[in-house]
Each structure stands twice: as structure tokens, then as C-alpha cells.
Enquirer: 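The following block contains the structure, expressed as C-alpha cells.
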Protein chains: 2
Amino acid sequence: MTDYPPFAVTVDLVVLTVRADELHLLLVRRGIPPDRGRWALPGGFVGIDEDLPDAAVRELTEETGLPEPAGHLEQLGTYGRPDRDPRGRVVTVAWLALLPDLPTPVAGSDAASAAWVPVTRLTPGQLAFDHDRIVADGLERARAKLEYTPLASAFCPPEFTVAQLRAVYETVWGTRLDPRNFHRKVTGTPGFVSPAGRATEGDRGRPAQLFRRGPATRLHPPMLRPES
Amino acid sequence: MTDYPPFAVTVDLVVLTVRADELHLLLVRRGIPPDRGRWALPGGFVGIDEDLPDAAVRELTEETGLPEPAGHLEQLGTYGRPDRDPRGRVVTVAWLALLPDLPTPVAGSDAASAAWVPVTRLTPGQLAFDHDRIVADGLERARAKLEYTPLASAFCPPEFTVAQLRAVYETVWGTRLDPRNFHRKVTGTPGFVSPAGRATEGDRGRPAQLFRRGPATRLHPPMLRPES
DNA sequence: CCCTTTTTCGTCGTCTCGACGATAACCTCT
DNA sequence: AGAGGTTATCGTCGAGACGACGAAAAAGGG
């Protein structure tokens with residue numbers, strides 16, 4: 001190993017959630033150089049004996065303060081431009097996490113100042129390193145995955161209504177969907193959701209049936225987002 | 001940088017092509033330990049000042065002997081289990097390449113023994129390191145991408161017929177497709193292919209129109225593979 | 001000239017989707 | 001209690017896409 005170029009390897013997390021009908025991204029304010037004081041993706045160095053998914057889960061639980069990641073976590077991509085980190089050659093493995101809106105406040109161990117930021121309020125050049133591009137890739141991946149997977153339910157609590165699921169699609173895609181056609185599509189696609197048997201109470205309007213995530217891993221046929 | 005765990009970073013390539021109505025994978029026989037003499041994915045270490053896509057393109061051109069990668073190259077995923085390489089902590093960034101059938105023989109600089117192997121002849125445990133899993137992920141990615149992108153044309157020469165494109169789908173998916181419906185779908189999807197104006201000569205049957213790749217980057221609606 | 005092969009164009013029933021009407025089942029306010 | 005508002009759920013209808021298949025066009029080989 002002595003004659004191979006030495007790299008540092010990190011994980012960075014694009015953590016998304018839907019709250020108040022807006023798509024939010026988890027950011028931390030950097031407490032150490034470089035880019036001290038700027039907003040960045042949560043992440044950190046991978047341990048020398050640590051597997052990559054383990055490192056991602058560790059960072060996620062540390063930053064969100066949650067014992068168990070209830071949503072979805074998948075590898076997004078690896079970014080390693082030679083000049084992306086002034087400290088040296090750092091390659092980062094980026095991960096995409098989709099979480100339900102957390103009742104727990106965001107306060108991890110080493111994230112003194114972490115915050116949910118609406119993605120509409122992100123401006124180019126705002127984030128440290130190449131995190132702008134990583135976020136853009138994560139958003140595009142999330143939007144695309146809603147089309148052909150049932151992953152929208154990862155943004156929802158264990159039991160949810162069709163309207164909550166529709167709100168996820170509308171928020172992530174930034175479009176409006178017809179409630180009746182959406183209901184037909186969701187309940188008609190086998191394995192998308194399975195009825196929980198119970199219904200909501202106390203809200204406005206007619207009570208809605210509660211559903212859980214179905215066993216399907218893909219949507220056939222896919223839920224296509226409206227064009228333009 | 002001195003206090004961060006040192007990693008080695010490599011790139012590995014899942015290079016696919018279609019020849020003789022079979023999907024083939026490019027493999028090299030390892031000339032050095034570990035796993036000396038076993039088949040493995042082409043790849044190598046990333047230079048300390050080298051960008052990741054550059055390293056992938058470099059390895060691809062070295063192994064295939066082609067000056068220009070005519071097909072398609074995209075990042076597949078990163079694999080970094082702590083025990084995946086006995087030499088130490090090696091993280092590899094895997095890439096997926098789709099190439100037309102090469103008239104050039106496969107003979108790279110440092111690949112004394114490289115070969116195209118039909119994917120049907122791969123057996124579990126045959127490849128070095130964790131390359132079995134990387135190949136499986138690459139195959140699934142390629143099969144899925146044919147559904148919603150026009151990437152099947154990456155397996156074809158610059159000018160091709162509808163039947164050649166259909167053969168790609170049938171070979172990669174391992175299914176049969178109706179020639180008439182496939183023709184309607186391909187020529188009816190805007191931007192999938194654009195007519196080259198010329199036609200084939202000398203083959204059996206009616207001459208076929210030649211097409212080039214169209215400007216579309218996605219297929220709307222997607223080309224769904226038949227179920228089961 | 002007939003047969004085979006392959007490409008290309010049509011047809012028809014089925015399925016899905018978008019646009020919308022209509023009804024059901026709750027709430028709140030008076 | 002009843003009226004009105006709000007939301008969920010079910011139906012209907014036409015347009016478009018798809019699978020299964022027939023048929024014509026355009027070549028080569030006997």
C-alpha cells in the first residue's frame with residue numbers, strides 16, 4: 001500500500017424532507033476551516049475500518065439525532081475533483097436520504113448549528129466545496145425516483161393518507177396533481193400502498209383511509225410527472 | 001491531511017457490448033497478486049492529481065485500445081467494504097460503459113489477456129474481489145436504462161437500422177419484441193432516432209432505413225420491457 | 001416467375017390517463 | 001338540528017399508447 005496515492009474519503013449526505021408543503025434540505029454550518037461559517041452538507045470522514053453505508057448511517061443519526069433512520073438511504077454518487085477540497089485529495093461518497101418530517105429537533109452531537117432549509121431558498125455558490133452540484137444531483141435523483149418507485153412514502157410517517165402522499169409529489173415536483181386521478185393511480189397500482197384499516201379523525205372534511213407502504217419496489221406503470 | 005485515514009482509490013469498469021446476439025462483458029486476467037490469474041474487471045488506481053471521470057476514460061481507452069470512446073460512460077457506484085481488497089483499504093469507483101461491437105481487437109497496453117465474455121457464461125464466485133456484485137449492479141443498471149433512455153443506440157454503430165436496435169433490446173433484456181410494434185414505437189417517439197436518409201444494401205429481405213441517434217435524452221413514454 | 005425473408009404500414013380491442021361530474025362523510029357555525 | 005364548507009372517494013368519457021396480428025412492399029435466390 002505504500003506506493004499507492006493516498007486519498008482521504010468522506011461521506012456527504014443530501015437529506016431531504018417535506019415540511020409545511022416545502023421541500024427542505026438539511027444543512028450544517030461549518031465550525032472549522034476550510035469554508036468556516038458557510039453552509040455545507042452534513043458529512044465526515046470514513047473510518048479506516050468502516051464500511052461506506054455504515055459511515056453514511058452514522059453521520060445521518062449523528063446529525064439528525066434519530067436512533068433509527070426511518071426513511072430511505074441510497075448512494076447518490078462519488079465526487080472527487082482534485083481541487084474540490086483545499087486540504088488535499090478528498091474523495092466524497094454522496095448519499096441521498098429521504099426522511100419523514102421529524103418531530104425531533106435537529107441537534108446532533110457535532111452539529112451545533114444544523115437547520116432545515118427550503119430548497120427554494122438555495123442560491124448558487126452558497127454551499128461549501130462542490131456541494132451545490134451534489135445537491136442538484138440529489139434533487140434530480142429524488143424527483144426522478146418518485147416516478148418509477150414508491151419512494152414518496154419515505155417522506156411520510158408509517159401510516160399516511162392518499163392526500164399526504166399526493167402532497168409529497170406536489171411538493172417535490174412543484175406541480176399540482178388531480179386528487180381523483182392520483183387516488184385512482186395510487187390505490188390501483190398493486191403493491192404501492194396497503195390499507196391500514198383505520199382512518200383519520202378530527203381533521204377537516206371527510207375522514208381519509210390510512211395506508212402503509214406496500215411491498216412493491218417499482219411502479220408499473222410509472223407515475224409520470226406532467227410535462228412542462 | 002496527516003491525521004485522516006489513508007485510502008487507496010481505484011476505478012473499475014463494467015464494459016458491455018452486444019456481439020453475435022449475446023451480451024458480452026470485458027474482462028482481464030489479473031497478472032499480479034492478489035487473485036493472480038483470475039478474471040477481473042478492467043481498472044486501476046486513480047492518480048493523485050487525476051479526476052475520476054478522466055481515470056475511467058483512461059482505463060477504458062487503455063484496455064480497449066480505442067482512441068475515442070464512441071459509446072456511453074457513466075458512474076455506476078462506489079464499493080468500499082473494508083475487507084474487499086487484501087492489500088488494504090481500497091475504495092473503488094465503478095463505471096458502466098456501453099460500446100458498439102468493436103472491429104478492433106481488444107489488446108491494451110497492460111492487458112495482455114483481455115477477453116469479451118458472454119454474460120450468460122459468468123458463474124458466481126468467478127471474479128476477483130467483489131466484482132461479481134459490481135457486474136450484477138451494472139447489468140441491472142443497463143437493463144433499466146434501456147427502458148427510459150435512448151441509450152440502446154450506444155451499443156450500435158453511428159448508423160443503424162431499427163432491427164439492429166431491436167436486437168440490442170432483445171439481447172440485453174433476454175426477451176423477444178414484436179418487430180412491428182417496436183418499429184412504431186421507435187419511429188414514433190420524438191427524438192429517439194433521426195433518419196440518415198440512406199438504406200441498407202445486399203442483406204436478405206427488404207432494405208431497411210438507416211438512422212442515427214436522436215437528440216432525446218429520455219424516452220417519453222418509456223419503453224417498458226414485457227413482464228416476467 | 002414463385003418463394004422466402006425482412007421491412008414497413010394498418011387495424012382492432014384493451015388498458016391507462018387526463019379532465020371533470022357527482023356523491024359521501026366529516027367539520028363548524030348559526 | 002340544520003346549513004354550508006371541506007375533503008375523500010367513486011364514476012364517466014374521450015384521447016392516446018400498447019399488444020396481437022394481418023397485409024403490403026421490396027429485396028434475393030431458386
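Residue numbering restarts at 1 for every chain, and letters A, B, ... go by the order of the sequence lines.
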Enquirer: By side chain to side chain contact (heavy atoms under 4.5 Å, CB included), which residues pair with A:R212, not counting sequence neighbours?
Expert: A:E159, A:S194, A:A196
Enquirer: Heavy atom of residues 144-162 of chain A under 4.0 Å from DNA chain D: which residues?
Expert: none
Enquirer: C:dT7 C1' sits how many Å from B:F211 CZ, rounded?
Expert: 10 Å
Enquirer: Under a 3.5 Å distance rule, please check whether B:Y169 uses its side chain to pair with a backbone N or O of B:L146 as donor and acceptor.
Expert: yes
Enquirer: Check whether any side-chain N or O of A:T92 sits under 3.5 Å from a backbone N or O of A:Y79 as a donor-acceptor pair, and report yes or no.
Expert: no
Enquirer: Just the rounded figure in Å: distance from C1' of C:dT16 to CG of A:D178.
Expert: 15 Å
Enquirer: Between the protein and nucleotides 24-30 of chain C, list every N/O to N/O distance that falls short of 3.5 Å.
Expert:
unit_1, atom_1, unit_2, atom_2, d
C:dA24, N3, A:R206, NH1, 3.3

Enquirer: For B:L210 and C:dT7, what is the distance between atoms CG and P respectively, to the nearest whole Å?
Expert: 11 Å
Enquirer: Look only at the side chain of A:E170 and the backbone of A:L177, and say whether a donor-acceptor pair between them is shorter than 3.5 Å.
Expert: yes
Enquirer: If we ignore hydrogens and angles and just use 3.5 Å, is the side chain of A:D132 paired with the main-chain N or O of A:P124 as donor and acceptor?
Expert: no
Enquirer: Look at the side chain of B:T189 and the backbone N and O of B:V186, then say whether any donor-acceptor pair between them is shorter than 3.5 Å.
Expert: no
Enquirer: Looking at residues 179-192 of chain B, who's got a heavy atom less than 4.0 Å off DNA chain D?
Expert: B:R180, B:N181, B:R184, B:K185
Enquirer: Minimum heavy-atom separation for A:W173 and A:M223, please, with both atom names.
Expert: CH2-O, 3.3 Å
Enquirer: First and last nucleotide of DNA chain D touching chain A, 5' to 3', heavy-atom cut-off 4.0 Å?
Expert: D:dT6 to D:dT12
Enquirer: Okay, side chain of B:R141, backbone of B:L76: is any donor-acceptor separation there less than 3.5 Å?
Expert: yes
Enquirer: Got a sec, which residues hit salt bridge (Lys or Arg N to Asp or Glu O under 4.0 Å) with A:R133, two or more places apart in sequence or on another chain?
Expert: none
Enquirer: Considering non-hydrogen atoms only, spot the tightest contact between B:L26 and B:P42 and give its length.
Expert: O-CD, 3.3 Å
Enquirer: More than 12 heavy atoms of other residues, nucleotides or ligands under 6.0 Å from CD of A:E140: yes or no?
Expert: yes
Enquirer: Take atom CZ in A:R84; do more than 12 heavy atoms of anything else shown fall under 6.0 Å from it?
Expert: yes
Enquirer: Can you name the closest pair of heavy atoms from B:L60 and B:L13 and give their distance?
Expert: N-CD1, 3.5 Å
